[in-house]
Amino acid sequence: MCNENEIELNRQKEYIEKCRTYTAAFQVEHGRAPRACVVTFGCQMNARDSEKLTGILKEAGYELTGAEEEADFVLYNTCTVRDNANQRVYGRLGHLNSLKKKKPYLKIALCGCMMQEQAVVEKIRKSYRFVDLIFGTHNLFRFAEFLSDSLASEDMVVDIWDETDKIVENLPVERKYRYKSGVNIMFGCNNFCSYCIVPYVRGRERSREPEEILGEIERLVEDGVVEVMLLGQNVNSYGKNLEHPITFAQLLRRVDQIEGLRRIRFMTSHPKDLSDELIQVMQHSPKICRHLHLPLQAGSDRILEAMNRRYTKEQYLALVEKLKHAIPDISITTDIIVGFPGETSADVDETIDVVRRVQFDNAFTFIYSPRTGTPAAAMDNQVPEEIVHENFDRLLSVVQETAKQRAALLEGKVMEALVEEVNEQDPAFVTGRLSNNMLVHFKADRRLVGKFVMVKLDHCHGFYYTGRMVDWLSQTKHTRLGKMVDNQWLN
Ligand code: SAH
Ligand code: SF4
Ligand code: F3S
């Protein structure tokens with residue numbers, strides 16, 4: 001860790017202390033600690049950022065709550081990838097305003113990708129004047145400082161940076177799950193897909209040093225984590241710009257060697273950068289999960305080119321072929337956009353053809369949303385809404401049909417699941433995640449949360465299974481002997 005990092009970290013620790021004087025005074029006045037509620041919109045990156053924000057709030061003396069109504073400090077960590085993400089934030093802000101009228105000392109803060117858009121910040125300054133604090137994605141590590149400034153001020157505190165080359169390590173983190181965790185391996189994106197706002201709001205690609213990543217995972221494992229999800233907008237280009245370049249596959253090899261870590265996932269892989277070396281590492285590692293999220297976006301070469309995705313339909317199909325050949329039990333999921341400017345029904349037929357041929361285990365389908373400042377938003381051939389909806393519905397029914405067929409293949413098999421949580425509807429049941437990322441609900445004791453068990457997948461319900469636990473005792477004996485439990489199909 002370099003000196004600059006330590007200086008920044010110490011500065012933030014001083015601000016945390018300052019906040020603690022505020023929270024202590026609150027405690028005296030109200031007879032309880034102040035409560036904070038962090039609401040996360042968007043992707044896994046934001047979820048991980050929220051854990052950092054929550055960690056700081058906790059150190060500052062806040063108690064955490066999931067209910068905005070109970071909170072004395074509400075923080076929205078926003079997303080702007082599609083317009084509906086923005087609309088949800090504006091909608092909820094109205095509700096916060098009415099809460100603040102009843103509780104004038106309620107502090108309202110906004111951060112995340114949406115705040116990196118100038119027009120959004122201007123709108124909030126003008127029409128949402130009850131907001132107390134706004135900061136962005138590049139200066140999130142200064143949250144303690146902003147919080148302290150905001151607590152000491154009646155005015156709206158706004159601090160947004162256009163970019164950063166800094167990565168501040170070792171901020172406090174409050175994990176949502178004790179047995180699994182996201183781990184950032186890189187920030188930002190250099191790909192500039194023509195529809196996408198992420199490179200503008202998250203900045204240029206910056207990789208973390210492998211030693212920092214490995215050190216963080218080792219500490220997580222010591223703290224009880226058995227599964228990590230390595231996070232980046234395009235993990236396949238990890239490490240290229242480091243002083244001592246390293247490939248993502250090489251990083252994975254090193255993560256794979258961490259003792260006590262049982263499962264490794266990663267998100268997201270850009271098809272254009274997926275290397276043979278990565279396929280080989282996946283093939284030979286029992287820890288790397290049998291799941292790959294490989295966004296297709298579109299099946300028509302013309303649209304792929306306009307999207308600046310830099311692969312063709314045939315190249316995508318050939319890559320999938322290679323993956324399935326090397327790792328036959330791999331589950332492949334994807335993202336697809338419908339209604340990109342100029343997209344015709346014949347183009348969507350090409351996408352549907354890819355869905356049929358690949359047989360995705362799941363596909364997230366999105367209606368194209370023009371984002372201000374991106375090249376696609378300025379294209380003059382935007383597709384009429386009725387055509388988009390018609391094509392979207394056509395695609396969705398094929399996606400659902402193929403996903404169902406894929407899921408049905410595992411019915412009756414016995415597989416290893418990591419128990420994630422107690423079922424909300426029926427506390428006698430728990431939910432487990434399979435290596436291929438599918439969920440299974442089964443009867444089990446809540447003490448198994450965070451443990452690996454073998455489950456028979458009795459019934460497939462399209463996107464999830466119901467099942468029953470089998471032979472847990474022999475399984476624990478197995479792991480006590482220190483052997484990896486094989487996550488291949490058992491029968
Ligand atoms: N870095 C990741 C994805 C980030 S955004 C990747 O390259 O795959 C997640 C998904 O949102 C994208 O895969 C894309 O399908 C979708 N998306 C991004 N911008 C969009 C837009 N303007 N309209 C609709 N969907 C969009
Ligand atoms: Fe957006 Fe493309 Fe970067 Fe993904 S790779 S974040 S879709 S620009
Ligand atoms: Fe949204 Fe930002 Fe993630 S725009 S999808 S939260 S990187």
Peer 1: What distance separates Arg35 CZ from Leu64 CG, expressed to the nearest 0.5 Å?
Peer 2: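 One gets 11.5 Å once the value is rounded to the nearest 0.5 Å.
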Peer 1: Please work out which of the three classes, parallel, tilted or perpendicular, describes the rings of Phe73 and Phe143, given edges at 30° and 60°.
Peer 2: tilted
Peer 1: According to the interplanar angle, ranging from 0 to 90°, do the rings of Phe26 and Tyr22 count as parallel (below 30°), tilted (30 to 60°) or perpendicular (above 60°)?
Peer 2: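 It falls in the tilted class, 30° to 60°.
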Peer 1: Do Arg125 and Glu122 have side-chain heavy atoms sitting under 4.5 Å apart?
Peer 2: no
Peer 1: Does one side chain, of Asn308 or Ser194, offer a donor that lies under 3.5 Å from an acceptor on the other?
Peer 2: no
Peer 1: Would you please indicate if the ring centroids of Phe366 and Phe392 are separated by under 6.0 Å?
Peer 2: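 Centroid distance Phe366-Phe392: not below 6.0 Å, so no.
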Peer 1: Do His291 and Thr333 get their side chains close enough for a donor-acceptor pair, meaning under 3.5 Å?
Peer 2: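 Yes, a side-chain donor-acceptor pair sits under 3.5 Å.
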Peer 1: Going by distance alone, is a donor N or O of one side chain under 3.5 Å from an acceptor N or O of the other, for Tyr195 and Gln297?
Peer 2: yes
Peer 1: Ignoring hydrogens and geometry, is there a side-chain-to-backbone donor-acceptor pair from Tyr311 to Leu296 under 3.5 Å?
Peer 2: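 Yes; judged by distance alone, with no hydrogens or angles, the pair exists.
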Peer 1: Which class fits the ring pair Tyr200 and Phe192: parallel under 30°, tilted 30 to 60°, perpendicular over 60°?
Peer 2: perpendicular
Peer 1: Atom CZ in Arg206, atom CD in Glu163: separation rounded to 0.5 Å?
Peer 2: 9.0 Å
Peer 1: Less than 3.5 Å apart, any donor N or O on the side chain of Glu70 or Thr65 sitting next to an acceptor on the other?
Peer 2: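 The criterion, which ignores hydrogens and geometry beyond distance, is satisfied for Thr65 and Glu70.
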Peer 1: Can you establish whether the number of heavy atoms outside Lys18 located under 6.0 Å from its atom NZ is more than 12?
Peer 2: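 No, NZ of Lys18 has 12 or fewer neighbouring heavy atoms, counting only those of other groups under 6.0 Å.
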Peer 1: For Thr268 and Gln233, which I'm curious about, is there any donor-acceptor pair between the side chains at under 3.5 Å?
Peer 2: no
Peer 1: More than 12 heavy atoms of other residues, nucleotides or ligands under 6.0 Å from CG of Asp162: yes or no?
Peer 2: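 It does not: Asp162 CG has 12 such atoms or fewer within range.
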Peer 1: Looking only at side chains, do Thr80 and Glu117 share a donor and an acceptor under 3.5 Å apart?
Peer 2: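 Thr80 vs Glu117: donor-acceptor pair found between side chains.
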Peer 1: Give a yes-or-no answer on whether the side chains of Asn436 and Arg290 include a donor-acceptor pair shorter than 3.5 Å.
Peer 2: no
Peer 1: Please indicate whether Lys126 has more than 12 foreign heavy atoms, meaning atoms of other residues, nucleotides or ligands, lying under 6.0 Å from its NZ.
Peer 2: no
Peer 1: Asp347 and Ser300: side-chain donor and acceptor closer than 3.5 Å?
Peer 2: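 Judged by distance alone, the side chains do pair up.
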Peer 1: Can you tell me if Lys272 has over 12 outside heavy atoms packed within less than 6.0 Å of its NZ?
Peer 2: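 For Lys272, atom NZ is crowded (more than 12 foreign heavy atoms under 6.0 Å).
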Peer 1: Looking at Arg48, Lys52, Arg175, which hits salt bridge (Lys or Arg N to Asp or Glu O under 4.0 Å) with Glu216?
Peer 2: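 Of the listed options, the one satisfying the test is Arg48.
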Peer 1: Going by atom types only, do Lys166 and Asn139 share a side-chain donor-acceptor pair under 3.5 Å?
Peer 2: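 Result is no, nothing qualifies.
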Peer 1: Could Glu145 and Arg142 be called an ion pair, given the rule that one side-chain N must be under 4.0 Å from one carboxylate O?
Peer 2: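 Yes, charged N to carboxylate O under 4.0 Å.
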Peer 1: Do His459 and Thr466 have side-chain N/O donor and acceptor atoms under 3.5 Å apart?
Peer 2: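 His459 vs Thr466: no donor-acceptor pair found between side chains.
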Peer 1: Taking all non-hydrogen atoms of both residues into account, name the closest pair between Glu421 and Tyr179 and its distance.
Peer 2: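 Closest pair (atom of Glu421, atom of Tyr179, distance): N-OH, 4.4 Å.
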Peer 1: Please determine, by modelled atom types, if Asp273 and Asn234 share a side-chain donor-acceptor pair under 3.5 angstrom.
Peer 2: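 Side-chain D/A pair, Asp273 to Asn234: present.
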Peer 1: Do Glu69 and His95 have side-chain atoms, one donor and one acceptor, less than 3.5 Å apart?
Peer 2: yes
Peer 1: Does atom CD of Glu385 have more than 12 heavy-atom neighbours, drawn from other residues, nucleotides or ligands, at distances under 6.0 Å?
Peer 2: no
Peer 1: Between Arg88 and Asn84, is there a side-chain donor-acceptor contact under 3.5 Å, judged purely by atom types and distance?
Peer 2: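 The answer is no; no qualifying pair exists.
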Peer 1: Between Lys176 and Glu51, is the closest basic N to carboxylate O distance under 4.0 Å?
Peer 2: no
Peer 1: Examine Phe141 together with Trp161 and report whether their ring centres are nearer than 6.0 Å.
Peer 2: yes
